[in-house]
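Let me begin by presenting the structure, written as structure tokens, before commenting on it.
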Amino acid sequence: MAKGVVKQRKSRRCLWCIVAIVILGGIAGGIFYVVKKKILDKNSSPTSSLEDKYSDALKIAMQFFDVQKSGKLVDDKIPWRGNSGLKDGSEAKLDLSMGMYDAGDNIKFGFPMAFTATVLSWAILEYGEHMEHINQREPAENSLAWITDFLLNAHPSQNVLYIQVGDPKEDHKCWEKPEKMTTKRPLKLVNSSKPGSDVAAETAAALASASLVFKKTDSTYSSTLLKHAKQLFTFADKYKGSYTKSHPEVATYYNSTGYGDELLWAASWLYHATGDTTYLRYVTEANADKYAKVDGPTWFSWDNKLAGAQPGGGMEGGECKTGSPVRTESCLVWVLGVVVQWLREVRKVSIVSASRRGEMGLYRNIFMVLLSRLSFFGDKGAKGNSGIDDYKKSADELMCALLPDSPSATASRTKSGLIWITKWDSLQHPVGSAFLAVLYSDYMRASDNETLSCGDDSFEPSDLRKFAQSQADYVLGDNPMDISYLVGYGGKYPEFVHHRGASIPVDATTGCSEGFKWLSSKKPNPNVAMGALVGGPFKNESFIDSRNNSMQTEPTTYNSAVLVGLLSSLVNTSSPVKSLNQN
């Protein structure tokens with residue numbers, strides 16, 4: 001009996017041990033769960049939420065390239081779009097059916113189209129992994145190839161480049177869907193007797209950068225792109241002249257104020273694509289003094305590449321009065337920047353024309369950021385090259401101008417902090433500036449350069465990223481109007497986008513002038529131009545959603561390309577940029 005009692009006591013002790021272990025295990029598990037949740041809430045949740053927002057926006061923004069496609073559409077993802085421009089190029093026995101319409105009309109302008117391709121290539125090269133993470137790299141590359149196929153066909157011989165399909169003057173007398181175009185589709189070209197160094201060099205940059213994108217997946221195509229890029233650069237450099245002097249009538253739509261920035265921009269990309277230091281010397285030696293004028297930052301745009309290679313185009317304000325019944329077409333600046341405002345506010349120097357917009361600013365900023373990359377990553381060819389250091393110093397100045405708390409911060413902002421330069425297509429500047437800022441931030445992070453000095457103050461890469469996010473968030477709806485300027489994103493976005501195809505019902509039968517009833521219709525567009533980035537707000541941050549208000553409601557492919565780059569950079573914070581040849 002005593003033996004049984006001992007056994008019973010032992011059993012009870014074991015039972016209590018088991019209970020204690022279970023209780024202690026539960027407490028430990030609870031503590032672990034709480035600590036883990038706090039860590040996740042602190043470190044992962046906000047980032048995840050932000051990444052989801054930018055991922056969703058990127059997926060939408062990418063669709064606008066499908067909206068703008070010309071030619072025989074393959075796997076058409078836009079239900080209200082169809083084949084168009086199938087005979088484009090036939091008068092020269094060329095197939096120029098592909099490519100993209102630049103904005104809300106039905107013209108294919110080679111200059112902004114090439115810029116679209118260059119920036120889209122840059123975005124893929126820097127942030128292709130981010131795109132791939134959310135299944136957007138393939139759509140981006142498909143859209144890029146849709147443009148580069150057109151550009152290759154537009155370059156039938158070494159010193160000939162077709163730069164335009166369609167007559168904008170006649171096109172703007174009509175309001176009709178591209179699928180039902182009734183106007184003639186004449187061609188414009190540049191050659192040795194009618195040079196166009198600017199458009200030829202921009203096309204060279206597009207093909208050179210794209211050759212890097214396709215280098216691993218399609219080496220034959222990549223080689224073809226690079227071959228044409230080299231030929232076009234040689235053509236642009238040998239037969240110097242602006243394409244708007246060869247074709248003055250084009251200046252009303254996409255004026256070029258010079259070709260030097262495009263030559264530097266193209267040479268920069270050719271150096272990245274080939275490693276040939278001849279191209280680097282072209283950018284950093286004699287031609288830097290002639291074309292770059294690296295004495296401070298400017299704005300980034302389609303006509304001005306100096307911001308990209310350092311971080312160059314524009315047009316005159318008087319050209320905005322075209323008499324077009326559709327809109328002031330000349331003010332469709334695909335440039336992301338204007339040097340004029342910057343020089344007036346920061347440099348306090350006189351300039352030639354107060355109304356000139358875009359060219360010098362964008363190229364200069366974009367081009368100096370691209371070249372500063374060589375300094376950050378210790379490129380062998382750039383070692384000991386003082387010209388690269390000069391570009392980096394100018395890029396530093398640009399970044400200091402963008403940071404709102406910097407002692408040299410530009411005053412060109414709205415009350416809410418949006419970079420604001422011009423009422424026409426106002427979002428081109430903040431989106432372009434933000435893209436360059438986040439690129440620079442990632443260059444700093446990847447190369448362990450943790451400090452940017454602005455006067456007596458110091459800033460970190462995270463400060464540049466925060467600025468870039470603020471501009472992106474404004475575009476996506478964090479603004480006084482509570483409206484997303486990206487069509488299709490958020491609960492409220494523009495419904496009267498200035499866009500022919502989006503404004504005309506799919507089953508409508510319209511002729512040339514009869515279609516204007518859809519321009520003046522008071523009803524929202526029957527078709528949603530998914531992914532369109534509209535022009536944006538005025539300086540007082542107001543926005544009038546009207547189809548006739550083209551300065552605020554017309555989208556462009558080149559602005560979309562920069563937005564895609566910006567959103568791609570914000571999708572993920574973990575994978576730093578690397579050599580352009582490794583993507």
Side-chain angles (χ1 to χ4, degrees), residues 54 57-58 60-65 68 100 102-103 111-127 130-131 136 140 143-144 147 202 205-206 209 265 298-309 311-313 332-338 357-359 361-367 369-370 398 402 418-422 424-442 467-476 485-487 489 531-536 554-571:
Y54 300 130
L58 177 59
I60 291 170
M62 202 74 76
Q63 295 181 53
F64 188 62
F65 298 124
Q68 296 303 98
M100 296 183 187
D102 72 304
F111 200 2
M113 195 192 307
F115 178 76
T116 299
T118 311
V119 174
L120 187 54
S121 292
W122 198 5
I124 296 170
L125 289 167
E126 301 284 16
Y127 302 113
H130 294 191
M131 295 178 180
Q136 292 303 298
S143 293
L144 174 61
I147 296 176
E202 181 58 60
S209 57
W265 176 237
T298 56
W299 300 110
F300 175 40
S301 75
W302 62 269
D303 184 37
N304 192 337
K305 310 326 186 274
L306 291 176
L332 291 177
V333 188
W334 60 285
V335 233
L336 290 171
V338 208
R357 302 201 264 141
E359 173 169 14
L362 173 53
Y363 276 108
R364 183 156 184 218
N365 294 322
I366 192 175
F367 147 62
V369 169
L370 178 62
L398 172 70
L402 297 178
L418 181 76
I419 293 290
W420 198 96
I421 307 301
T422 175
W424 279 96
D425 197 10
S426 63
L427 288 177
Q428 61 181 310
H429 306 105
V431 172
S433 298
F435 177 51
L436 295 179
V438 78
L439 274 172
Y440 212 67
S441 168
D442 287 342
F467 162 75
Q469 287 178 331
S470 73
Q471 306 300 288
D473 291 346
Y474 190 106
V475 170
L476 299 180
Y485 293 110
L486 177 63
V487 176
Y489 181 85
L533 175 65
V534 297
E554 184 164 29
T556 62
T557 56
Y558 37 88
N559 284 353
S560 287
V562 183
L563 179 64
V564 162
L566 172 59
L567 294 173
S568 297
S569 71
L570 299 176
V571 161

Checklist line | Non-neighbouring partners of Tyr485 that pass ring pair (Phe, Tyr, Trp, His ring centres under 6.0 Å), sequence neighbours left out | finding: Phe543
When rounded to the nearest 0.5 angstrom, what distance separates [atom1] in [X] from [atom2] in [Y]?
X      : Y      : atom1 : atom2 : value
Leu563 : Met62  : CG    : CE    : 10.0 Å
Ser209 : Leu144 : OG    : CG    : 7.0 Å
Leu120 : Leu125 : CG    : CG    : 9.5 Å
Thr118 : Ile147 : OG1   : CD1   : 9.0 Å
Phe115 : Asp102 : CZ    : CG    : 13.5 Å
His429 : Thr422 : NE2   : OG1   : 6.5 Å

Check: For Ser569 and Glu126, does a side-chain donor sit closer than 3.5 Å to a side-chain acceptor?
Finding: no
Heavy-atom closest contact ([X] atom, [Y] atom, distance):
X      : Y      : result
Ser426 : Trp420 : CB-NE1, 3.5 Å
Ala206 : Ser121 : O-OG, 4.2 Å
Ile60  : Val487 : CG2-O, 3.4 Å
Ala103 : Gln68  : O-NE2, 2.7 Å
Tyr558 : Pro112 : CD2-CB, 3.5 Å
Phe65  : Thr557 : CE2-O, 3.8 Å

Could you tell me if the side chain of [Y] sits less than 4.5 Å from the side chain of [X], heavy atoms only?
X      : Y      : answer
Met131 : Val564 : yes
Phe435 : Leu567 : no
Leu486 : Phe64  : no
Leu427 : Leu418 : yes
Asn559 : Val431 : no

Please confirm whether the backbone N or O of [Y] pairs with a side-chain atom of [X], one donor and one acceptor, at under 3.5 Å?
X      : Y      : value
Glu554 : Gly535 : no
Ser433 : Pro430 : no
Ser441 : Ala437 : no

Notebook entry, point to check: Tyr127 and side chain to side chain contact (heavy atoms under 4.5 Å, CB included): which partner among Leu439, Leu570, Leu566?
Noted result: Leu439
